[in-house]
Amino acid sequence: QVHLVESGGGLVQAGGSLRLSCAASGRTFNNYNRGWFRQTPGKVREFVAAISWSGSSTSYADSVKGRFTLSRDIAKNTVYLQMNRLKPEDTAVYYCAAGPPRYGSSLNDVTSYDYWGQGTQVTVSS
């Protein structure tokens, strides 16, 4: 069975840092696009960051550019999201996702991903 498991969430003060991890099991996702999304109550899930299956392309939401960095460890089948200079508006449940590259699909699009983790809460206090 395929699983994506996020970890690393928690409570941090504004200006602080957290590092999220997304470990995959059940299959390899090294030829899949990998992404991070976040969601707050009553709102749609929004794109945060993603990396293409080849690693040649990365994409970030404007709201996190310069503060968040996505990386991956192919050997560990894991992706990471380093979050620096956190703001209260970054508070959300963060989800990792994996999806096969498809013609015409976008890294930023939630519908481009077939597999999702259960989410990890990130809370940034002011």
Side-chain angles (χ1 to χ4, degrees):
Q1 195 166 358
V2 176
H3 290 288
L4 294 176
V5 180
E6 302 97 337
S7 60
L11 173 64
V12 65
Q13 287 188 331
S17 298
L18 285 173
R19 187 193 193 209
L20 305 184
S21 300
C22 175
S25 63
R27 63 161 296 153
T28 179
F29 286 105
N30 294 335
N31 57 344
Y32 273 50
N33 300 327
R34 305 289 295 273
W36 286 95
F37 291 76
R38 65 188 183 187
Q39 190 170 19
T40 54
K43 294 190 176 181
V44 298
R45 195 167 294 187
E46 67 170 0
F47 170 74
V48 177
I51 186 168
S52 63
W53 68 273
S54 64
S56 62
S57 177
T58 55
S59 180
Y60 294 91
D62 288 342
S63 59
V64 307
K65 278 181 183 176
R67 300 189 297 121
F68 291 11
T69 303
L70 188 153
S71 61
R72 65 178 184 174
D73 186 327
I74 292 176
K76 294 183 178 180
N77 214 7
T78 298
V79 294
Y80 305 95
L81 186 68
Q82 178 66 44
M83 305 186 296
N84 298 328
R85 303 199 309 276
L86 282 161
K87 304 176 181 179
E89 50 263 44
D90 294 319
T91 295
V93 177
Y94 283 71
Y95 297 90
C96 70
R102 298 186 179 99
Y103 179 78
S105 66
S106 168
L107 289 176
N108 302 8
D109 190 346
V110 67
T111 64
S112 297
Y113 297 88
D114 295 348
Y115 298 96
W116 293 86
Q118 82 289 348
T120 185
Q121 177 71 46
V122 171
T123 302
V124 184
S125 63
S126 57

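Residue numbers start at 1 and run along the sequence shown. Predicted model, so just to flag it, every value in this text is computed and none were measured.
Within the model, atoms CG of Asn77 and OG1 of Thr28 stand 4.5 Å from one another, a figure rounded to the nearest 0.5 Å. With rounding to the nearest 0.5 angstrom, the CG atom of Leu18 is 9.0 Å from the OG1 atom of Thr120. Atom CZ of Phe68 and atom OG of Ser63 lie 7.5 Å apart (nearest 0.5 Å). With rounding to the nearest 0.5 Å, the separation of NZ in Lys87 from OG in Ser126 is 14.0 Å.
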Considering only distance and modelled atom types, tabulate donor-acceptor pairs under 3.5 Å from the side chains of residues 48-56, sequence neighbours left out.
unit_1	atom_1	unit_2	atom_2	d
Ser52	OG	Ser54	OG	3.4
Ser52	OG	Gly55	N	3.4
Ser52	OG	Ser56	N	3.3
Ser52	OG	Ser57	N	3.1
Ser52	OG	Ser57	O	3.4
Ser54	OG	Ser56	N	3.2
Ser54	OG	Ser56	OG	2.7

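The stretch residues 89-100 participates, sequence neighbours left out, in these side-chain hydrogen bond (donor to acceptor under 3.5 Å, both in side chains) pairs: Arg38-Asp90, Arg38-Tyr94, Arg67-Asp90. Evaluation of the salt bridge (Lys or Arg N to Asp or Glu O under 4.0 Å) test over residues 73-83, restricted to residues two or more places apart or in two chains, returns none. The side-chain hydrogen bond (donor to acceptor under 3.5 Å, both in side chains) contacts involving residues 96-105 comprise Arg102-Asp114, where partners must be two or more places apart or lie in separate chains. For residues 13-27, no residue pair satisfies the salt bridge (Lys or Arg N to Asp or Glu O under 4.0 Å) rule, not counting sequence neighbours. Evaluation of the ring pair (Phe, Tyr, Trp, His ring centres under 6.0 Å) test over residues 13-35, restricted to residues two or more places apart or in two chains, returns Phe29-Tyr32, Phe29-Tyr115.
Under the side chain to side chain donor-acceptor pair (under 3.5 Å) criterion, Ser125 pairs with no residue, sequence neighbours left out. Evaluation of the side chain to side chain donor-acceptor pair (under 3.5 Å) rule for Ser21 yields no partner, not counting sequence neighbours. The side chain to side chain contact (heavy atoms under 4.5 Å, CB included) test applied to Thr111 returns Asp109, not counting sequence neighbours. The side chain to side chain donor-acceptor pair (under 3.5 Å) test applied to Lys65 returns Asp62, not counting sequence neighbours. With sequence neighbours left out, Phe47 forms a ring pair (Phe, Tyr, Trp, His ring centres under 6.0 Å) with Phe37. Scored by the ring pair (Phe, Tyr, Trp, His ring centres under 6.0 Å) test, Tyr60 finds no partners at all (sequence neighbours excluded).
For the pair Leu20/Val122, a side-chain contact is recorded, criterion being any heavy-atom separation below 4.5 Å from C-beta on. Annotation: side chain of Trp36 is not in contact with side chain of Met83 (no heavy-atom distance under 4.5 Å). Looking only at side-chain heavy atoms (C-beta outward), Leu4 and Arg34 come within less than 4.5 Å of each other.
Listed for the Glu6 side chain is a donor-acceptor partner under 3.5 Å among the backbone atoms of Gln118.
Under the 4.5 Å side-chain contact rule for hydrophobic residues, Leu107 and Leu70 do not share a cluster.
What you find for Ala14 and Pro88 is that their closest heavy atoms are CB-CD, 4.1 Å.
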